[in-house]
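Just so you know, these numbers use all the heavy atoms, side chains as well, and skip hydrogens, waters and symmetry mates.
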Protein chains: 2
Amino acid sequence: MQKEHNLSKNQKIIFDLIDKSRGPMKAYSILFNVQKKGIKAPLQVYRALDKLVEIGKIHKIESRNAFIACQNSNCQVSKATAFSICESCENVSEISNSKLSKYLSNFSDSSGMKYSKYNLEFFGLCKKCKSK
Amino acid sequence: MQKEHNLSKNQKIIFDLIDKSRGPMKAYSILFNVQKKGIKAPLQVYRALDKLVEIGKIHKIESRNAFIACQNSNCQVSKATAFSICESCENVSEISNSKLSKYLSNFSDSSGMKYSKYNLEFFGLCKKCKSK
DNA sequence: CTTATAAATGTTATATTATTACATACTGTT
DNA sequence: AACAGTATGTAATAATATAACATTTATAAG
């Protein structure tokens, strides 16, 4: 049961763009693409991105400074994320594997720290690129 | 048996600084700190950082755009890294847990992609910050 | 030793990513 | 209507990172 977040005008414009995109999008590429819709400044983009990340509609791919729509319908908040990234074609996909997420969500080490969030990025070559 | 990498002058200056630092250091803070040693330009710093990352002497904390010395003596290359990050004091430490690294190194999902590298960042409150 | 090659350095300029600061407007309560 | 919280608009600037080009140093092969 997903809480309905009524996206604001800018949030909706930016989410729709990212959601339609094939891969992760960078902030200034988003900006360029939404200028015709009246969004003129980087800050307008970053504010929408911040909110969309906060509510889990998109995730940030930290190693790429790029944003991707959540591909995991029951992922309400970005607190347990895993991605596979092709180092050749830069294709990114979200991994939803319940064993992995269980394992990592319950992970604790000797430091006595309780983790509330994690982000995991796997790198390699995707099927297509491997066979080239 | 660790391959001896003879660091160059700039690499050594920058590695020593990061290694002595308590926590992760940002590129421009490194630059500021090594200017008295004759390193004047961002690119000189980034080139040394790139090399040090490549040979595994330091790691990049992607979510923070910062660099930390490898705390794991047998980690020759940055191909399997995990960190715990306190969201309050920003303390970062490298996790070396053989079960975790085995689990992740052997992980494969349905996409048919074979991973050659991963980076995992856990977030939470460290012991000190939790008790405040 | 010298020639070739790769790696590292120095320098300037510029590209890319992200935030500060401040003013205004919209949305949903009580 | 008054308030609080959220969102927007705009300009300026900070922070992070790379491109391009010239030169020098280190390493290895002949």
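The separation between B/K37 atom NZ and C/dT9 atom C1' is 17 Å, rounded to whole Å. The nearest whole Å value for the distance from the NZ atom in B/K51 to the C1' atom in C/dT9 is 14 Å. Separating the CG atom of B/L7 from the P atom of C/dA8 is a distance of 9 Å, rounded to the nearest angstrom. Distance, A/Q35 CD to D/dT10 P: 12 Å, rounded to whole Å. One can place CD1 of A/I39 at 14 Å from C1' of D/dT10, the figure rounded to the nearest angstrom. Rounded to a whole Å, the CG atom of B/L49 is 19 Å from the P atom of C/dA7. Put simply, CG on B/N10 is 12 Å from C1' on D/dT25, counting in whole angstrom units. C/dG10 atom C1' lies 13 Å from atom CD1 of B/I13, rounded to whole Å.
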Give the table of side-chain donor-acceptor pairs shorter than 3.5 Å for residues 32-42 of chain A, with sequence neighbours excluded, one pair per line with atom names and distance.
| unit_1 | atom_1 | unit_2 | atom_2 | d |
| --- | --- | --- | --- | --- |
| A/N33 | ND2 | A/S29 | O | 2.7 |
| A/K36 | NZ | A/N33 | O | 3.0 |

For residues 103-110 of chain A, tabulate all N or O donor-acceptor pairs below 3.5 Å that involve a side-chain atom, not counting sequence neighbours.
| unit_1 | atom_1 | unit_2 | atom_2 | d |
| --- | --- | --- | --- | --- |
| A/S105 | OG | A/S101 | O | 2.7 |
| A/N106 | ND2 | A/K102 | O | 3.1 |
| A/D109 | OD1 | A/S111 | N | 3.0 |
| A/D109 | OD1 | A/S111 | OG | 2.8 |
| A/D109 | OD1 | A/Y115 | OH | 3.2 |
| A/D109 | OD2 | A/Y115 | OH | 3.3 |

Mind listing the side-chain donor-acceptor pairs of residues 19-28 of chain B below 3.5 Å, one per line with the distance, residues two or more places apart or on another chain?
| unit_1 | atom_1 | unit_2 | atom_2 | d |
| --- | --- | --- | --- | --- |
| B/S21 | OG | B/G23 | N | 3.1 |
| B/S21 | OG | B/G23 | O | 2.5 |
| B/K26 | NZ | B/R64 | O | 3.3 |

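For the OP1/OP2 pair of C/dT9 and a distance below 4.0 Å, the side-chain nitrogens and oxygens of B/S8 include at least one atom meeting the criterion. Put simply, B/K9 has no side-chain N or O that comes within less than 4.0 Å of OP1 or OP2 on C/dA8. An OP1 or OP2 oxygen of C/dT9 is reached within less than 4.0 angstrom by no side-chain nitrogen or oxygen of B/Q44. The side chain of B/K40 places an N or O atom within less than 4.0 Å of a non-bridging phosphate oxygen (OP1 or OP2) of C/dT11.
Heavy-atom minimum distance, A/E121 versus A/K60: OE2-O, 4.4 Å. A pairwise comparison of heavy atoms in B/C126 and B/C86 identifies N-SG, 3.3 Å as the closest pair.
B/M113 and A/L100 end up in the same hydrophobic cluster when Ile, Leu, Val, Met, Phe, Trp and Tyr side chains are linked at under 4.5 Å.
An end-to-end axis angle of 40° holds for the helix from C/dC1-D/dG30 to C/dT30-D/dA1, taken from five base pairs per end and rounded to 10°.
Here the side chain of B/K130 pairs a donor or acceptor atom with the backbone of A/G112 at under 3.5 angstrom.
Grouping Ile, Leu, Val, Met, Phe, Trp and Tyr residues whose side-chain heavy atoms lie under 4.5 Å apart, directly or via other members, places A/I61 in a hydrophobic cluster with A/I68, A/F83, A/I85, A/V92, A/F123.
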With B for base contact, S for sugar-phosphate-only contact and - for none (protein heavy atoms under 4.0 Å), nucleotides 16-30 of chain C reads -BBBBB---------
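Taking for each of B/Q11 and B/A41 the nucleotide of DNA chain C with the nearest heavy atom, the 5'-most of the two is the partner of B/Q11.
Considering CG of B/L43 and CG of B/L49, their distance stands at 10.5 Å, rounded to 0.5 Å.
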